[in-house]
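To start, the structure under review is shown below, and the notes come after it.
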Amino acid sequence: GFFKFRITICKDGTIKDVQAKGSSGDPQIDYSVQQSLRNLKIPKPPPDVAKQLTSGCKRIPYTFKYNPKKGVD
């Protein structure tokens, strides 16, 4: 199914918040995805992108399709 979420990412590359905006239909998958996103380590955005984050952080909506046999599509 599809799992919709919104993350808040900050200039330093940290993920400040993860909010589910829809369910895949499987609570275990939803929980696993949220935990994985919370623990995700990402690099700092490039300087030209970071300077657009005037408040220091930005909410980013995202939707992906999860296939139990293939993973994320």
Side-chain angles (χ1 to χ4, degrees):
F2 289 93
F3 182 75
K4 296 180 184 181
F5 62 91
R6 181 173 64 195
I7 62 172
T8 302
I9 186 170
C10 299
K11 285 182 180 185
D12 63 0
T14 59
I15 294 178
K16 181 179 177 182
D17 188 37
V18 177
Q19 294 178 320
K21 303 307 274 180
S23 173
S24 67
D26 184 327
Q28 285 183 310
I29 290 174
D30 295 352
Y31 177 79
S32 293
V33 170
Q34 284 183 300
Q35 289 304 104
S36 294
L37 289 168
R38 283 187 179 96
N39 295 322
L40 187 64
K41 305 292 182 207
I42 57 175
K44 292 181 182 180
D48 58 325
V49 173
K51 72 180 178 183
Q52 295 175 34
L53 303 175
T54 55
S55 68
C57 300
K58 175 78 174 161
R59 288 186 189 141
I60 302 171
Y62 192 77
T63 302
F64 68 87
K65 183 177 181 182
Y66 179 80
N67 179 326
K69 293 182 182 177
K70 295 181 183 178
V72 176
D73 288 336

Subject >> Point-to-point distance, once rounded to the nearest 0.5 Å, from CD1 of Ile15 to SG of Cys57 >> reply: 11.0 Å

Subject >> Least distance between heavy atoms, Lys44 atom then Asp12 atom >> reply: CG-O, 3.4 Å

Subject >> Non-hydrogen side-chain atoms of Ile9 and Thr14 separated by less than 4.5 Å >> reply: no

**OP:** Identify the two heavy atoms, one from Asp30 and one from Ser23, that lie closest to each other, and give their separation to 0.1 Å.
**Re:** OD2-OG, 2.5 Å

Original post:
What do you reckon, is CZ of Arg59 surrounded by more than 12 foreign heavy atoms closer than 6.0 Å?
Top reply: no

Original post:
Listed by chain and number, what are the side chain to side chain contact (heavy atoms under 4.5 Å, CB included) partners of Pro47, not counting sequence neighbours?
Top reply: none

Original post:
To the nearest 0.5 Å, how far apart are NZ in Lys16 and NZ in Lys58?
Top reply: 13.5 Å

Original post:
Going from CD on Gln19 to CD1 on Ile7, what distance comes out if it is rounded to the nearest 0.5 angstrom?
Top reply: 11.0 Å

**OP:** Give the minimum heavy-atom separation between Pro45 and Gly13, together with the two atoms involved.
**Re:** CD-N, 4.2 Å

Subject >> Atom NZ of Lys11 with >12 non-hydrogen neighbours under 6.0 angstrom >> reply: yes

Original post:
Between Val18 and Arg38, which heavy-atom pair has the shortest distance, and what is it?
Top reply: O-NH2, 3.5 Å

Original post:
Is it true that Tyr31 and Ile29 fall in one hydrophobic cluster, defined by side-chain heavy atoms closer than 4.5 Å?
Top reply: no

